[in-house]
Asks: 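Dumping the structure here so I can ask a few things about it.
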Amino acid sequence: MKISIKFVRYSVSLVVSVMFTISCSTGIESTKAITMSRSERRETMPGAAERLSAQITSEQLGEWRAGKKFLVTDNKAAVLLERFPSAARIQVVDSVAGSVLRFDRISSRLTPGGDTVAVIEFKGEGYDYLYNTSRNLRDALHSLRGQDMPMMIDLDMVAAADTLLRGRKVWTRSRLWYDSIGNIVDGRKFDPVTITRVRPGIKVFPLAVEFTDEKRENAVMFMNVSSSDGIGAESRTFQSLFLLEDPRPLYSSVSPEIWENIKVGRVSSGMTKDECRLSLGNPSEVDAGHNWSSVIDIWRYRDGTYLQFQDGILVNYRH
């Protein structure tokens, strides 16, 4: 049985045409790749805040002086530290968490493979500690910083951040606020606050930034710093938590009612995409398409929030 080339070409063309028609009829094409226009991705962060954030760091290992202090945040650090009773031991320490270790000196150790690695020696209450960096001495001296020490907080870095930030008036970018004992409280975006001090934070976020708002209520945000290998560069660093200038003038077209929604993380019908993004952040998934007369966009967030836009305006939501 012979099939003509013209018939095959016609059949393929017909199938493609039908598939295209079906796609246009359904209207919604799903994709998890979010492509934003330049205006949609506009940043509210002044460059000065990024430069200020870059100053919140700690010294390279080669610059450490004897007596430099570190706060141990987790007892699991004991797995990484070799501990030896010191000559001046007064009491037995069961948990290393909460201990303050003082840098003593840098030594070296020969590995079974013949490499020489840097070992950092600390002194604690009744014990001496060794931390094997697993890096050769030259690399460790120039690449390892205090903020890279696992499950430890560089107290010199905390003091430097406190000197740099204490008393500054800033505007919040995050609603994830805590009270003085670590309970989550209702926070607000773009609120003017004054930083009162910076103290040691927790294992994941080494800095706790305390501040007061315009009602003189106190709150805390936990802050990260960028490590030497780049980890933490986008996760709750200063520029992701605070603004140095009031962002309101950048959004003069936003009504006062909508601005209040944005500050407390709410949405309402009639809001634009930019306004919803300011309020809730970027969605984790976007479905884009159209019906016979309008462009339809559906945004989904990991917490279950669902937004539906028609021609760029919010018409339906679950939040």
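These figures come from a predicted structure and were not determined experimentally. Position 1 is the first residue of the sequence, and the numbers go up from there.
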Asks: Between T73 and I153, is any pair of side-chain heavy atoms under 4.5 Å apart?
Replies: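 Yes; the side chains approach each other to less than 4.5 Å.
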
Asks: I'd like to check K169 versus P192 (side-chain heavy atoms, cut-off strictly below 4.5 Å). Are they in contact?
Replies: yes

Asks: Does CZ in R248 sit with more than 12 non-hydrogen atoms of other residues, nucleotides or ligands closer than 6.0 Å?
Replies: yes

Asks: Okay, side chain of W171, backbone of P247: is any donor-acceptor separation there less than 3.5 Å?
Replies: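 No: the side chain of W171 does not pair with the backbone of P247.
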
Asks: With the threshold set at 4.0 Å, does a side-chain nitrogen-carboxylate oxygen contact exist between R145 and E59?
Replies: no

Asks: Starting at CD1 of I202, measure out to CE of M151 and round the result to the nearest 0.5 Å.
Replies: 14.0 Å

Asks: If only side-chain N and O atoms count, and only distance matters, is there a donor-acceptor pair under 3.5 Å linking D274 with T272?
Replies: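 Result is no, nothing qualifies.
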
Asks: Any heavy-atom pair between the side chains of Q55 and L164 that's under 4.5 Å?
Replies: yes

Asks: So do the side chains of L137 and I106 get within less than 4.5 Å of each other, counting heavy atoms only?
Replies: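 L137 vs I106: side chains touch.
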
Asks: Taking atom CG of N316 and atom OH of Y306, what is their separation to the nearest 0.5 Å?
Replies: 5.5 Å

Asks: Could you report the tightest heavy-atom contact between G270 and I313, atom names first, then the distance?
Replies: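 Closest heavy-atom pair between G270 and I313: CA-CG2, 3.6 Å.
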
Asks: Is the shortest side-chain N to carboxylate O distance from R188 to E260 below 4.0 Å?
Replies: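 Counted as a salt bridge, because a side-chain N and a carboxylate O are separated by less than 4.0 Å.
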
Asks: Rounded to the nearest 0.5 Å, what separation is found between the CG atom of L307 and the CZ atom of R277?
Replies: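 With rounding to 0.5 Å, CG (L307) is 10.5 Å from CZ (R277).
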
Asks: Would you say T172 and M221 make side-chain contact, with heavy atoms under 4.5 Å?
Replies: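 Contact flag for T172/M221 side chains = yes.
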
Asks: Same cluster or not: are V170 and V185 linked, directly or through other Ile, Leu, Val, Met, Phe, Trp or Tyr residues, by side-chain heavy atoms under 4.5 angstrom apart?
Replies: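 Per the 4.5 Å side-chain linkage, V170 and V185 are co-clustered.
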
Asks: Strictly below 4.0 Å, N to O, side chains only: are E82 and R109 in salt-bridge contact?
Replies: yes

Asks: Mark yes when over 12 heavy atoms from residues, nucleotides or ligands other than N183 sit less than 6.0 Å from its CG; otherwise mark no.
Replies: yes

Asks: Would F103 and F70 count as a close aromatic pair, with their ring centres under 6.0 Å?
Replies: no

Asks: Is R300 salt-bridged to D287, going by a charged N under 4.0 Å from an acidic O?
Replies: yes

Asks: Is it true that a side-chain atom of S294 and a backbone atom of Q310 form a donor plus acceptor pair closer than 3.5 Å?
Replies: no

Asks: Is it true that V198 and L244 fall in one hydrophobic cluster, defined by side-chain heavy atoms closer than 4.5 Å?
Replies: yes

Asks: Taking all heavy atoms of L176 and all of S174, pick out the closest pair and write down the distance.
Replies: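 Closest approach of L176 to S174, heavy atoms only: N-OG, 3.0 Å.
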
Asks: Does the ring centre of W299 sit less than 6.0 Å away from the ring centre of F309?
Replies: yes

Asks: Please report the closest heavy-atom contact between S240 and R173, naming both atoms and the distance.
Replies: O-CB, 3.5 Å

Asks: Please check if any side-chain donor atom of N261 sits under 3.5 Å from a side-chain acceptor atom of S268, or the reverse.
Replies: yes

Asks: Could you report the tightest heavy-atom contact between N75 and S95, atom names first, then the distance?
Replies: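 In this case the closest contact between N75 and S95 is OD1-OG, 3.1 Å.
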
Asks: Would you say F242 and F205 are hydrophobically clustered, going by side-chain heavy atoms of ILVMFWY under 4.5 Å?
Replies: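 No, F242 does not connect to F205 through the hydrophobic network.
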
Asks: Within the 3.5 Å criterion, strictly below it, is a donor on Q147 or T57 matched to an acceptor on the partner's side chain?
Replies: yes

Asks: Counting only N and O atoms by type, is there a donor-acceptor contact under 3.5 Å from the side chain of S53 to the main-chain atoms of A49?
Replies: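 Not a single qualifying donor-acceptor pair exists.
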
Asks: Rounded to the nearest 0.5 Å, how far does CZ of R197 lie from CG of D162?
Replies: 8.0 Å

Asks: Using the six-membered ring of Y127, assess whether NZ or CZ of R83 lies under 6.0 Å from its centre and within 45 degrees of the ring axis.
Replies: yes

Asks: With a 4.5 Å heavy-atom cut-off, do D156 and K68 have their side chains touching?
Replies: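 Sidechains of K68 and D156: in contact.
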
Asks: Answer whether the closest heavy-atom distance between the side chains of N132 and V117 falls below 4.5 Å.
Replies: yes

Asks: With distance as the sole test, does R236 use its side chain to make a donor-acceptor pair with the main-chain N or O of F222 at under 3.5 Å?
Replies: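 It does hold such a pair.
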
Asks: Would you say L52 ends up clustered with L241 if hydrophobic residues are merged whenever their side chains have heavy atoms under 4.5 Å apart, either directly or through other cluster members?
Replies: yes

Asks: Would a 4.5 Å heavy-atom cut-off, applied to side chains only, mark D139 and L144 as touching?
Replies: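 Not touching, per the 4.5 Å side-chain cut-off.
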
